[in-house]
Amino acid sequence: MQRVPSRILRFGAPMAVGMALSLGAGSASASDHLDTPTVIEDPSADIADLFAWMSPDGQRLNLAMTVVAHRFSDQLQYVFHVSSGKRFGETTADLSIQCRFDAANTAECWAGDVDHVRGDASRVAGIEGRQKRFRVFAGLRDDPFFNNVKGTRAALDVAKAALQGGAPVDAARCPRFDAATTRSILEQWRQTQGGPGKNFLAGWSSSALVVSIDRDAVGKAGPYLAVWAGIYKSNPDARKGTSARPKLGAPVDRIGRPLTGNALIGPLEPDDVSDRRKEEYNRAAPADWAGFAPDLQRTLGLYDGLDGTCGNQWLANAGGEPAQRYQRLAKLLADDRLWINSRATVCKQYLSVELAELSTPGKPGTDCGGRTPLEDSNDVFRSLLALGATSGIDDGVKEDDHVHSLSDFPFLAAP
């Protein structure tokens with residue numbers, strides 16, 4: 001799968017560079033943008049996207065990880081991590097679904113100690129575990145991510161020109177664009193070269209690892225589920241014909257929410273510094289994730305000014321000290337997991353669990369949250385960061401060019 005080289009997206013002026021990278025105009029293949037050289041050099045180790053949602057009957061958790069390469073590597077392990085708890089933000093039980101592939105691309109997957117499967121998972125029906133607790137598909141599918149890359153680039157060019165022309169930036173690193181600049185940014189964003197917004201990713205395909213697993217297998221500690229995915233090097237001692245669940249090797253890449261890690265880590269730094277910090281981010285254990293909140297906080301102000309107003313970002317402390325304005329959101333994003341309310345069966349709103357729990361603590365909403373392959377998570381994320389609302393920033397592309405399903409396994413459309 002081809003990529004738009006990140007070098008063509010760098011603007012030159014430090015603040016403009018940060019703006020460009022923060023808004024995710026980088027990789028054309030997925031929402032996990034501008035990854036590190038280590039990951040880009042091996043497409044089979046490069047996570048493109050992660051999706052997680054509840055089945056319509058509420059009995060299964062559905063998971064999909066897409067990988068940039070068109071084939072899974074026999075030198076890597078591909079893992080979904082699912083934690084559960086009684087309330088949002090607190091999990092006390094963990095289950096990992098880890099898969100490996102041999103040279104013939106035969107899949108072998110473990111759902112913790114709950115179930116195990118081995119075989120050709122490339123058929124549309126996938127393969128079912130011995131205990132019938134989970135089903136696995138692994139093969140080429142259409143990539144569900146959609147994005148008006150050219151419109152985004154045009155919008156950022158407007159921001160670049162304004163910043164290079166002397167647009168002020170406040171103490172929290174929020175640019176204060178005038179009304180004309182803001183209007184032009186938003187107009188360019190929803191167009192493609194002066195016409196309607198077009199999905200630059202139409203027709204893109206990727207390797208997809210898809211799992212549907214019983215809810216009670218992953219929700220032992222409570223109805224709230226937190227999901228992230230990782231790719232790890234294979235443990236050499238675990239590939240000698242045994243079916244025992246292997247230990248994970250060194251981490252290579254990870255993803256939770258889209259447009260977070262690679263888009264918000266180190267965009268204002270020189271390439272070597274930024275790449276080093278992103279490598280550290282990709283390989284960090286969950287216990288160390290909170291340490292990246294300051295990195296995120298330094299970048300969030302760049303989004304906040306896109307509507308011409310600083311301080312109206314989601315969770316922003318508009319009246320407080322500039323150093324604390326984006327602290328709360330940075331802390332939330334540093335815990336980079338997709339949150340799901342497994343008691344809900346309607347899944348239409350990205351970040352709905354976080355939105356409900358942070359506005360009315362202890363009163364969950366009716367949407368399961370997570371992230372489905374049908375949602376326009378780009379616009380939701382950008383709108384929250386610029387406007388403090390779930391809509392308002394529009395790149396002119398509302399759906400993928402293929403039709404995906406929330407109920408029919410393997411969910412993602414054929415390429």
Side-chain angles (χ1 to χ4, degrees), residues 14 17-18 21-24 26 31-40 45-47 50 79-83 85 87-94 96 171-174 224 226-233 248-304 313-317 320-339 351 353-354 357-358 381 384-385:
V17 171
L21 302 187
S22 296
L23 296 179
S31 70
D32 193 28
H33 300 288
L34 294 173
D35 222 322
T36 63
T38 298
V39 173
I40 291 174
D46 192 351
I47 301 174
L50 171 66
V79 183
F80 295 104
H81 299 277
V82 185
S83 301
R87 56 185 62 87
F88 169 69
E90 299 179 15
T91 56
T92 56
D94 305 294
S96 293
R173 301 192 180 194
C174 178
Y224 284 94
V227 179
W228 61 286
I231 294 179
Y232 302 80
K233 293 182 179 179
L248 296 178
V252 179
D253 195 15
R254 69 173 169 101
I255 185 175
R257 301 182 184 93
L259 299 172
T260 299
N262 290 323
L264 297 179
I265 297 292
L268 301 179
E269 306 296 339
D271 286 357
D272 59 336
V273 177
S274 176
D275 287 341
R276 183 170 63 251
R277 191 59 172 157
K278 288 176 183 176
E279 293 274 14
E280 293 169 350
Y281 181 91
N282 284 344
R283 298 172 181 176
D288 299 322
W289 290 0
F292 292 90
D295 299 75
L296 301 174
Q297 185 176 342
R298 284 193 292 271
T299 306
L300 289 174
L302 299 172
Y303 276 97
D304 192 15
Q313 186 178 89
W314 181 40
L315 301 181
N317 180 9
E321 293 294 324
Q324 281 81 47
R325 185 186 298 169
Y326 308 115
Q327 196 172 65
R328 190 179 180 199
L329 182 56
K331 181 179 179 181
L332 173 72
L333 294 177
D335 181 5
D336 195 12
R337 300 181 289 179
L338 290 171
W339 282 90
L351 293 173
V353 172
E354 291 92 329
E357 289 290 335
L358 292 171
F381 183 79
L384 285 168
L385 269 58

*With under 30° as parallel and over 60° as perpendicular, where do the rings of Trp228 and Trp289 fit, or are they tilted in between?*
perpendicular
_side-chain contact (heavy atoms from CB on, under 4.5 Å) between Val79 and Ile231, intermediate numbers included_ = CA-CA 6 Å; Val79 183; Ile231 294 179; over 6 Å; no
*asked:* With rounding to the nearest 0.5 angstrom, report the CD to CG distance, Gln327 to Leu296.
replied: 12.0 Å
*What closest approach, in Å, do Ala290 and Ala334 show between heavy atoms, and which atom pair accounts for it?*
CA-CB, 4.4 Å
*Supply the atom-to-atom distance Leu329 CG to Leu384 CG, rounded to the nearest 0.5 angstrom.*
8.5 Å
*Between Asp253 and Asn282, is there a donor-acceptor pair closer than 3.5 Å when you use the side chain of the first and the backbone of the second?*
no
*How long is the span from the CZ atom in Arg254 to the OH atom in Tyr232, to the nearest 0.5 Å?*
9.0 Å
_Full working for side-chain hydrogen bond (donor to acceptor under 3.5 Å, both in side chains) between Tyr281 and Asp336_ = CA-CA 11 Å; Tyr281 181 91; Asp336 195 12; 2.8 Å; yes
*Distance from Leu333 atom CG to Glu354 atom CD, nearest 0.5 Å?*
9.0 Å
*Report yes if some heavy atom in the side chain of Tyr303 is under 4.5 Å from a heavy atom in the side chain of Trp314; otherwise report no.*
no
*Identify whether the distance between the nearest side-chain nitrogen and carboxylate oxygen of Glu280 and Arg277 falls below 4.0 Å.*
yes
*Within the side chain of Gln313, is there an N or O that forms a donor-acceptor pair under 3.5 Å with the backbone of Leu300?*
yes
_Distance-minimising heavy-atom pair for Ala172 and Pro322_ = CB-O, 3.7 Å
*Quick one: closest heavy-atom pair of Ala284 and Phe292, and the distance?*
CB-CE1, 3.7 Å
*asked:* Please find the pair of heavy atoms, one from Gly291 and one from Pro294, that lie closest to each other, and give the distance.
replied: O-CD, 3.5 Å
*Between Leu50 and Ile255, which heavy-atom pair has the shortest distance, and what is it?*
CD2-O, 3.6 Å
*ring-ring contact (aromatic ring centres under 6.0 Å, His included) involving Trp339 - partner list, sequence neighbours excluded*: Phe88
*Rounded to the nearest 0.5 Å, what's the gap from CZ on Arg337 to NE2 on His81? Could you check?*
11.5 Å
_Heavy-atom side-chain contact between Lys233 and Val252 under 4.5 Å_ = yes
*Would you please test Cys174 and Arg325 for side-chain contact (heavy atoms from CB on, under 4.5 Å) and show each step?*
CA-CA 10 Å; Cys174 178; Arg325 185 186 298 169; 3.7 Å; yes
*Find the distance between CG (Leu338) and CZ (Arg257) and round it off to the nearest 0.5 Å.*
7.0 Å
